[in-house]
Amino acid sequence: MKSFRMPVVGLLGVTLLVTGVQTASADEASPGGKAPLQALAERADLRIGTAVDMAALGEDTTYRRATGREFNSVTAENVMKWEVVEPARGTYDWSGADELVRFARERGQVVRGHTLVWHSQLPGWLTTGVADGSIGAGELRGILRKHVTTEVKRYKGRIQQWDVVNEVFEEDGSLRNSIWLQKLGPSYIADAFRWAHAADPKAKLFLNDYNVEGVNAKSTAYYELAKRLRAEGVPVQGFGIQGHLAIQYGFPGDVAGNLARFERLGMQTAFTEVDVRMILPVDEEKLATQATYFRGLLDACLGARSCKSFTVWGFTDKYSWVPGVFAGQGAATLTGEDFGRKPAYGAVREELTDGR
């Protein structure tokens with residue numbers, strides 16, 4: 001590990017000196033700090049959001065305070081996914097989702113709903129039933145309709161944006177061979193949007209995926225899908241770009257051009273799950289590169305009239321999903337495991353200060 005000595009600004013603007021790559025801990029509620037990110041974002045006509053780990057929200061006071069202070073938008077990391085809300089058929093558990101919505105409402109935050117239709121994190125009763133043939137195509141369509149309608153209606157008027165259909169394309173632009181495509185055909189995509197819109201006509205409804213930051217085969221497939229569906233009157237209103245980047249792969253090309261073409265369709269755009277991972281160990285150069293990647297995505301968003309929401313997928317390495325999925329990688333968020341600010345946090349602050 002490369003050791004270095006550098007000043008790090010804690011969550012309330014208190015500068016501390018630390019040795020090595022570990023950032024400084026800080027008390028979010030300390031007086032005298034700089035304006036939080038959400039105050040800067042509001043001046044830029046932007047929702048700045050984070051995915052929320054509900055266990056951390058309940059158990060970690062520093063995390064809870066920072067979530068409420070720094071952000072004006074929140075997304076459920078897991079507690080609105082199907083396997084959580086309906087673990088047994090007809091038996092629902094809304095406790096985590098309800099708690100997040102309450103938390104947000106008390107603090108004047110908006111909520112992004114994530115996610116209604118996905119090939120992953122489905123309840124076992126559903127995947128087993130499809131696999132063994134006990135749930136046929138007709139019944140499956142009814143189950144999907146009920147799921148979308150039930151969840152959206154429960155939070156009617158309390159969810160600003162829904163990721164309705166998530167990760168439906170492969171990298172080459174072909175439709176993902178999910179159980180939905182296999183059993184229902186591609187019409188399930190339009191159906192899901194219609195059902196969601198009927199359940200809450202005021203919520204903005206999004207397509208959402210990763211590796212679609214720039215212009216490529218996958219993002220072009222989404223562009224063509226959205227163009228066709230909108231021409232057919234399907235209420236596809238937004239395109240969500242997840243923004244899971246890794247510094248070893250380089251920054252995606254023509255992000256601004258990609259946003260612009262969806263804007264020309266009359267759609268909203270949003271960055272929905274931004275983090276920037278690196279191969280460990282961390283060093284100054286990697287942190288600087290990470291900061292430029294966060295800055296680049298946020299700059300593209302602020303440069304597009306259609307982009308009104310920028311969400312990071314967690315804001316502290318303490319609870320990041322990355323190390324558990326990508327072996328030997330991590331440090332993907334704006335702050336360290338002790339909540340100390342990284343250069344990436346400073347880059348986001350500077351971009352928000354500059355505004356649109």
Side-chain angles (χ1 to χ4, degrees), residues 4 6-16 18 21-24 26 28 33-51 66-67 69-73 213-214 241-256 259 269-279 282-304 307-318 320 322 329-356:
F4 56 94
M6 62 181 291
V8 177
V9 183
L11 276 173
L12 280 188
V14 179
T15 302
L16 303 171
V18 298
V21 298
Q22 188 69 21
T23 52
E28 186 275 336
K34 295 180 180 179
L37 295 180
Q38 65 164 298
L40 301 174
E42 286 166 3
R43 296 171 198 163
D45 188 26
L46 184 74
R47 294 291 185 177
I48 184 78
T50 184
T67 301
R69 181 176 189 273
E70 293 287 335
F71 304 98
N72 55 20
S73 174
E213 295 79 17
I241 298 169
Q242 291 182 13
H244 293 297
L245 303 184
I247 64 173
Q248 62 268 28
Y249 299 131
F251 191 78
D254 203 9
V255 178
L259 292 175
T269 55
F271 289 89
T272 58
E273 304 181 22
V274 179
D275 53 24
V276 182
R277 66 186 186 272
M278 62 188 70
I279 297 172
V282 176
D283 61 36
E284 289 177 282
E285 182 178 358
K286 291 174 184 176
L287 290 173
T289 301
Q290 178 187 61
T292 66
Y293 282 32
F294 273 99
R295 184 190 298 275
L297 293 184
L298 182 53
D299 181 68
C301 180
L302 291 171
C307 189
K308 300 292 187 181
S309 179
F310 188 93
T311 297
V312 295
W313 206 244
F315 61 91
T316 170
D317 294 340
K318 185 175 182 179
S320 173
V322 170
Q329 299 182 50
T333 73
L334 298 176
T335 71
E337 292 189 6
D338 55 7
F339 299 93
R341 293 172 178 174
K342 297 180 187 175
Y345 182 99
V348 168
R349 171 177 285 280
E350 290 170 5
E351 281 293 320
L352 292 175
T353 301
D354 290 343
R356 292 187 183 270

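For reference, positions follow the sequence shown, starting with 1. Everything numeric here is computed off the predicted structure, so don't read it as measured data.
- In terms of heavy atoms, L259 sits closest to A300 at CD1-O, 3.3 Å.
- Atom CZ of R356 is separated from atom CG of D299 by 11.0 Å, given to the nearest 0.5 angstrom.
- Residue V274 comes nearest to F310 through the heavy atom pair CG2-CZ, 3.9 Å, listed as atom of the first residue, atom of the second, then distance.
- Residues L46 and S309 approach most closely at CD1-N, 3.5 Å, considering heavy atoms.
- The heavy-atom pair separating A41 from N72 by the smallest distance is CB-ND2, 4.3 Å.
- Checking T333 against D317 by side-chain atom types alone, a donor-acceptor pair falls below 3.5 Å.
- In this structure, L334 and F294 have side chains that are in contact, with non-hydrogen atoms separated by less than 4.5 Å.
- A search for side-chain hydrogen bond (donor to acceptor under 3.5 Å, both in side chains) contacts involving Q248 returns Q329, not counting sequence neighbours.
- By the side-chain hydrogen bond (donor to acceptor under 3.5 Å, both in side chains) test, D45 pairs with K308, sequence neighbours left out.
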Practice task
Check step by step if side-chain contact (heavy atoms from CB on, under 4.5 Å) holds for M278 and L287.
Solution key: CA-CA 9 Å; M278 62 188 70; L287 290 173; 4.2 Å; yes
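- Within the 4.5 Å cutoff, no side-chain heavy atoms of I241 are placed close to those of L297.
- What you find for A347 and A291 is that their closest heavy atoms are CB-O, 3.6 Å.
- Ring orientation note: the planes of F315 and F71 are tilted relative to one another, at an angle of 30° to 60°.
- Here the shortest heavy-atom pairing between K342 and G336 reads CE-N, 3.9 Å.
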Practice task
Evaluate side-chain contact (heavy atoms from CB on, under 4.5 Å) for L37 paired with L352, printing each intermediate quantity in order.
Solution key: CA-CA 8 Å; L37 295 180; L352 292 175; 4.1 Å; yes
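- Neither side chain, E213 nor Y293, offers a donor N or O lying under 3.5 Å from an acceptor on the other.
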Exercise for the section: Tell me, with the steps shown, if T353 and E350 meet side-chain contact (heavy atoms from CB on, under 4.5 Å). Expected result: CA-CA 5 Å; T353 301; E350 290 170 5; 5.6 Å; no
